[in-house]
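Here the structure is laid out as structure tokens; the discussion comes afterwards.
So that the names make sense, note that chain A is the first sequence line, chain B the second, and so on, each numbered from 1.
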Number of protein chains: 2
Amino acid sequence: MRKGNPSIPSAGEGKRGEEGYLGYLLRQAAGAYRLKVERALDEFGVTQAQFAALIMISAYPGISNADLARLAVLTPQTVSVIVGNLEKAGSLVRRPHAVHGRIQHLDLSDNGRALLKKCRERVYRLEGELTAGLSAEEERAVRLWLVAVATADAAQA
Amino acid sequence: MRKGNPSIPSAGEGKRGEEGYLGYLLRQAAGAYRLKVERALDEFGVTQAQFAALIMISAYPGISNADLARLAVLTPQTVSVIVGNLEKAGSLVRRPHAVHGRIQHLDLSDNGRALLKKCRERVYRLEGELTAGLSAEEERAVRLWLVAVATADAAQA
DNA sequence: AACAACATATAAGAGCTCTGATGTTATGCG
DNA sequence: CGCATAACATCAGAGCTCTTATATGTTGTT
């Protein structure tokens, strides 16, 4: 469009801005932020999903794959992939045989802890940018809305 | 957690709710809504990304792959995959040799138009749910924030 | 003790999305 | 005109995410 098609608006303008569909805006905002996080973490080869998993395992050491999936609002299969990649990278350890047989306990390795620490700093900075222009009222409204959307039961449709 | 680990909060509670990181909340909200849209469109085998592409091609007939990518804030490669799947499904047509050689013009097929119409109704209902509990003030705040996040230049970090 | 119900983990297949690389076509400047 | 640069399309490779399906382990009921 830069040259060819002046009729196409850019992101943030007109129907693609404040007047657009909330669904689009949500999609685009999440995509933009995801990319931003992954670029900030690119140096460490960590994705947004992996960062989230590291944080959660750090908060709940010994968590199971299934519990982690519930925590992250993802399917166990999805989490299995993410955990698998983190294990390949040596950031976490699977402790297979708990007291009971099937469950795999997840814990950060020393490498994983060090990695998480470095990632945290960068992401925290981005988190700050996210709230930059917001008043307390507005931030509250945004938080409540995001939680409502995230927890809206799919069945209630 | 339902049984095993009572210390793990569920989505929407404590640090995972209004007090959590905005980045997480954004990620989860977008994931939840994406899933909701795709379940609503499952009958037609259309994904959220495909729906977005159909809408945009409908709004800007004859758009190029590259312009569509800019419009959707995605890479040309990503759009190429989405468009490829829509073409396989017979929902759109590529008009390769415009006046000038390299560009591929995209247009909805009759099938695509009919499909989009059906999808629209369902997604519009979801869009309504998105704004359900919001006051005018709150909705405005949310919209402005989403646009700000979506358009925040990655370079400004 | 046996069987049914449920949870856990994992694999396969599909779609979305990115980065990086390649080839082709336009455009612009000596 | 010829070549460099830029834009477009596309391939390859990687990771995330879902669905569906399978195998194994735990628990509760009869």
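OP1 or OP2 of dC16(C) lies within a sub-4.0 Å distance of a side-chain N or O belonging to Gln50(B). The phosphate of dT17(D) has neither OP1 nor OP2 within less than 4.0 Å of any side-chain N or O from Thr75(A). Phosphate proximity of dT17(D) to Arg34(A): absent, as no side-chain N or O sits under 4.0 Å from OP1 or OP2.
Hydrophobic clustering (side-chain heavy atoms under 4.5 Å, transitive across Ile, Leu, Val, Met, Phe, Trp, Tyr) keeps Leu26(B) apart from Leu35(A).
The heavy-atom pair separating Ile82(B) from Ala53(B) by the smallest distance is CG2-CB, 4.1 Å. Of all heavy-atom pairs spanning Phe44(B) and Cys119(B), the tightest one is CD1-SG, 3.7 Å.
Atoms CD (Gln77(B)) and P (dT22(C)) sit 14 Å apart, rounded to a whole Å. In this structure, Leu68(A) places its CG atom 14 Å from C1' of dC16(D), rounding to the nearest Å. Residue Asn85(A) contributes atom CG, which lies 15 Å from atom C1' of dA11(C) at whole-angstrom precision. In this entry the distance linking CD of Gln104(B) with P of dT24(C) reads 15 Å, nearest Å. At whole-Å resolution of the value, CD1 in Ile82(B) and P in dA9(D) are 14 Å apart. Rounding to whole angstrom units, CG of residue Asn65(B) and P of dT10(D) are separated by 6 Å. Rounding to whole angstrom units, CZ of residue Arg94(B) and C1' of dC8(D) are separated by 12 Å. If you take CG of Leu35(A) and P of dA14(D), they are 20 Å apart, rounded to a whole angstrom.
Ionic pairing of Asp42(B) and Arg39(B) is not present here: no N-O contact between side-chain nitrogen and carboxylate oxygen is shorter than 4.0 angstrom.
Counting only heavy atoms from C-beta on, Thr78(A) has its side chain closest to dT17(D) among dT17(C), dT10(C), dT17(D). Across dT17(C), dC16(D), dA9(D), the shortest atom-to-atom separation from the side chain of Arg27(A) is found for dT17(C). Closest contact between the side chain of Ser64(A) and the listed nucleotides dC18(C), dA9(C), dT17(D) involves dA9(C). The side chain of Arg39(B) lies closest to dT19(D) when the candidates are dT17(C), dT19(D), dT10(D).
Residue Ile103(A) holds its CD1 atom at 11.5 Å from CD1 of Ile63(A), rounded to the nearest 0.5 Å.
If you check every strand for non-hydrogen atoms under 4.0 Å, Thr47(B) touches sugar and phosphate atoms only. Note on Glu38(B): nothing from the nucleic acid sits closer than 4.0 angstrom, heavy atoms only.
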